[in-house]
Structure formats: structure tokens, C-alpha cells
Amino acid sequence: MIRVQREDFDIGAELDRLAAGNPRIGGIASFVGLVRDFNLEAGGDDRVSALTLEHYPGMTEKKLAEIEAEAHRRWPLDAALIIHRYGRLEPGDRIVLVATASPHREAALAACHFLIDWLKTDAPFWKSEETPRGERWVEQRAQDDAARKGWR
Amino acid sequence: MIRVQREDFDIGAELDRLAAGNPRIGGIASFVGLVRDFNLEAGGDDRVSALTLEHYPGMTEKKLAEIEAEAHRRWPLDAALIIHRYGRLEPGDRIVLVATASPHREAALAACHFLIDWLKTDAPFWKSEETPRGERWVEQRAQDDAARKGWR
Amino acid sequence: MSVQLLYFAWLRARIGRGEEELELPPAVRDVAGLLEFLRSRGGRYAEALADLSVVRVAVNQDYVERDHPVRGGDEVAIFPPVTGG
Amino acid sequence: MSVQLLYFAWLRARIGRGEEELELPPAVRDVAGLLEFLRSRGGRYAEALADLSVVRVAVNQDYVERDHPVRGGDEVAIFPPVTGG
């Protein structure tokens, strides 16, 4: 299941819903991305007071659905969930939730890792940061590309 | 932080608390283990109506603290949490929560995976299942041992 | 033929608009040709598209390479590498 | 010397108790010796400890091998491989 929304989400409620009524599920792995108050690439010097996430309506949903389908092809998952927010967010705010549920711990953990890695390189979102020196578009990290290629 | 308790826990509240007031954190990875209504090893044939978790009070807390400390040594984590329940649980009930928070996505994901793998082989808990054929002590899975050794 | 163009992130900011319908000359047959045509319009287009190594393109909501055909009615989106998650 | 013995899971169930204080003969110096001594008590002990390959031991709340020393006042726990998580 995928959702692209401006509003915040409730992690506990989302994970409960993922497993609800399915006692085959033995494990739920999840990753939550939060807005940091600094830029990792800038060495942590640059304070970030807010983030604006732009996306490509239509293609975003299409890509997230493809990524989710790929995870289902690769692992025995009973359920998967991707929620990604857009709009203006402040440090500590939730950006993204990926979660996977499976009878098997290893499948849930690997698929969750896979989903966030693929999402980073394949979902059409762009971040712009508000810093003391003005607005700045975040640049893609080489590590993200490498992480994505590791799953081929 | 570690907790060994009979009571259930609230995943959303626990993860919120883990990152609260620390805007350096960019990601929270977590794994929740649930009671399945069948035994994986028995090929899924054997229905499980309940599980009783026995543990070794004192050593459990010691081992969980050691496992958590080891994760902090290996990865740049801002916070880690292990909650493990004991007592009688039914299918769908939460057994365990491990969660890790870091500025770095990769660190959070790897450390979370590590924690649950180590916990499976090193934390002194034992499961007994209620099945139509009576109570049965769960046997250790060879895969768990292999997963643990993969982290050396 | 005409295509629907979409721009995102700093490409949108530099070009100064998020979308436009554009009539393409018949010589434009693929993504490479489209990018060259846009650059040839000069001004903000030439500036925004100065370094094509940091430009990604999707046709009808799929990532494509430069040799992908562009046809009338296509939705062509031009943007920098993605940075979500 | 006397040690505090703890049993868990099916070892507890088969031996029929969760803990006991036991006076050990002076010949018992390590975990292997302790396990042999317990088996020599026969009955439920011999039965529960028939297959030592599925028995794990912790001394003072640390996993130990069979050659680990056992000293007076130690807390020695005997149990099957763990299955939590």
C-alpha cells in the first residue's frame, strides 16, 4: 500500500493496521525518515531550519507502487506500506515511513531496507533546505546510488 | 535502553520517545516480533493457540544491555531501544521491539538488524507453544545461529 | 507535434515555470533532440540546461535515456536527480 | 562448597524445579564436572541431562564453556538453547 500526503502519520496506528487480522505475520520491520536540523553532506556545519519536499504527482504514486511490487516479488511479504509526505517540514518532523510484514524476520528486514534504498533513488521527490545562507536544493548522495545498485 | 516486561508496549509512543528532542536523528529503524498462529519449523501445519515466554531474570537484562552496548560500539547511534515481553501471549500479540535512531539511515537499519539477530541467540528467553497436541518447547533454529555468526 | 513539458526542483526554479505545452519542430525525435531544442531557445532555458549531466528525464512518467523517442502528446518531465526519502 | 543452581525451560520442567542450593563434592571443579555430578544423581537429573549437546550453561549470568571453573557461591544456570525474539 502506498500513500503520498501532506499530513503527518501515526506510526503505531499504521503498523497495527499492517498486521491486523493476520496472525501469520511474525515480524514487522520499519524505517521512519525524519527531518534533520543539519545537512549531512555539508559536514553538519549548515543548520537547516526547514525542508520543503516537492514531488511529481502521478509519477510518484506510480514509482512507489512499482517499488512496492518489486519488494513483493523478491520476498514473501504479507503486507508492505510506503507513506511519503510532501510540503514544508521542520526538524524532527516525519518524512517517510516504509514498513514490511512477513512470517519471516529476515524477509521483513531485508525488504524494508530494500524499499527505503530504492525509494531514495527512484521516487521523484526533491528537497529544498532553508539555511542561514538561504534556500538550497539538496544534492543527491553518491552513497544512495551505491546502496540502490547493491540490490540488483 | 532496555526493558523486560510482562505488559504490552505502544510502538508509536516508544519510537517518538526515542527521537524526541534530538533533531540530529535522520532515521529510526525498528523491528517488532509478533506471535504467529503456526510454527514455522513444523511447516506451518501445527496451529499455535498461545505462547509462553520464560526468561532468566537478571541475566536477561545483562545480556540485552551488552547487546545494546555492542550496537553502539559498531554504529553511530543516537539511541537504541530493546523491549522484550515475557509471560503468556496469543497470536498477533507483540513479543519484542528493537529500534535504533541515527543521523545515518544505513547505521540505523544495520544496527536494528544486528540487534534482533543477536537477541535471538544471546538473550535468555525460551518459548513454549500451546498446540492441539499439547505444550511444546520451541527449538532453536539453525538459521538464527547462522544469522548471528554473519555479524562477527 | 506538441508535448506537455514539466519541470521540477531547481530546474523549475531556473526556467521560471512548472509546466508548458510546447510545439516541437519535426527534427526533434528523441529526448536528446528535445533537450537541444530547449537549450537553443536561449535565456533561462540555456542557463538551466547548461550541464545536462545533472538532468534526468521521464517520458510518460517513466525514467528514460537520451535516445528514448519523443512523440506528440507525450508528457515529458525534466528534473535533477531525486532526493526524497 | 555450595552453588546456586537454576534450571529453565524443558530442563526446569524435566528436573521438576527451577532452582536449588547444592553442596558439591570437592572433585567438581568445572562445568563439565558439575554436569557429570548432576547426572550421577540419577532419576530426573540423569533423564533431563541425557543429551548434553542440547544443554547450555551460564555461570554468574555469563555463557560459559564446559571447562569454565565452578566455585563456591557461584550462580550456575542450566538450560536449552534460547528461543526468544
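Just so we're on the same page: letters track the sequence lines, and every chain starts at 1. We use all heavy atoms of the structure for the numbers below, so side chains are in, but hydrogens, waters and symmetry mates are not.
- Residue contact with chain D, scored on non-hydrogen atoms closer than 4.5 Å, is absent for B:Ser128.
- Rounding to the nearest 0.5 angstrom, the gap separating the CZ atom in D:Arg12 from the CD atom in B:Glu54 is 4.0 Å.
- Per-residue counts of heavy-atom pairs under 4.5 Å with chain D were compared for B:Leu53, B:Leu119, B:Asp122; the largest is that of B:Asp122.
- Other residues, nucleotides and ligands place more than 12 heavy atoms under 6.0 Å from the CZ atom of D:Arg41.
- For B:Glu66, the part lying near chain D is the side chain, with the backbone staying farther off; criterion is any non-hydrogen pair under 4.5 Å.
- Expressed to the nearest 0.5 Å, how far CZ of D:Arg14 lies from CH2 of B:Trp137 amounts to 10.5 Å.
- Residue contact with chain B, scored on non-hydrogen atoms closer than 4.5 Å, involves the side chain of D:Ala58 exclusively.
- When all heavy atoms are compared, the tightest approach of D:Gln61 to B:Lys63 is O-CE, 3.8 Å.
- The closest side-chain heavy-atom distance from D:Val82 to B:Trp126 is below 4.5 Å.
- Shown here is D:Glu47, whose CD atom has no more than 12 heavy atoms of other residues, nucleotides or ligands within 6.0 Å.
- No more than 12 heavy atoms of other residues, nucleotides or ligands lie within 6.0 Å of CD in D:Glu65, so this atom counts as exposed by the packing criterion.
- B:Lys127 places a side-chain N or O within 3.5 Å of a backbone atom of D:Gly85 that can act as its donor or acceptor partner.
- For CZ of D:Arg29, the number of neighbouring non-hydrogen atoms (other residues, nucleotides, ligands) closer than 6.0 Å is 12 at most.
- Here the straight-line distance linking atom CE of B:Met59 with atom OH of D:Tyr63 works out to 4.0 Å at 0.5 Å rounding.
- Remark: D:Glu75 CD is packed, more than 12 non-hydrogen atoms of other residues, nucleotides or ligands lying under 6.0 Å away.
- Interface residue B:Lys120: backbone and side-chain heavy atoms are both found under 4.5 Å from chain D.
- Along residues 74-104 of chain B, the residues that come nearer than 4.5 angstrom to chain D, judged on non-hydrogen atoms, are B:His84, B:Ile95, B:Val96 in order of number.
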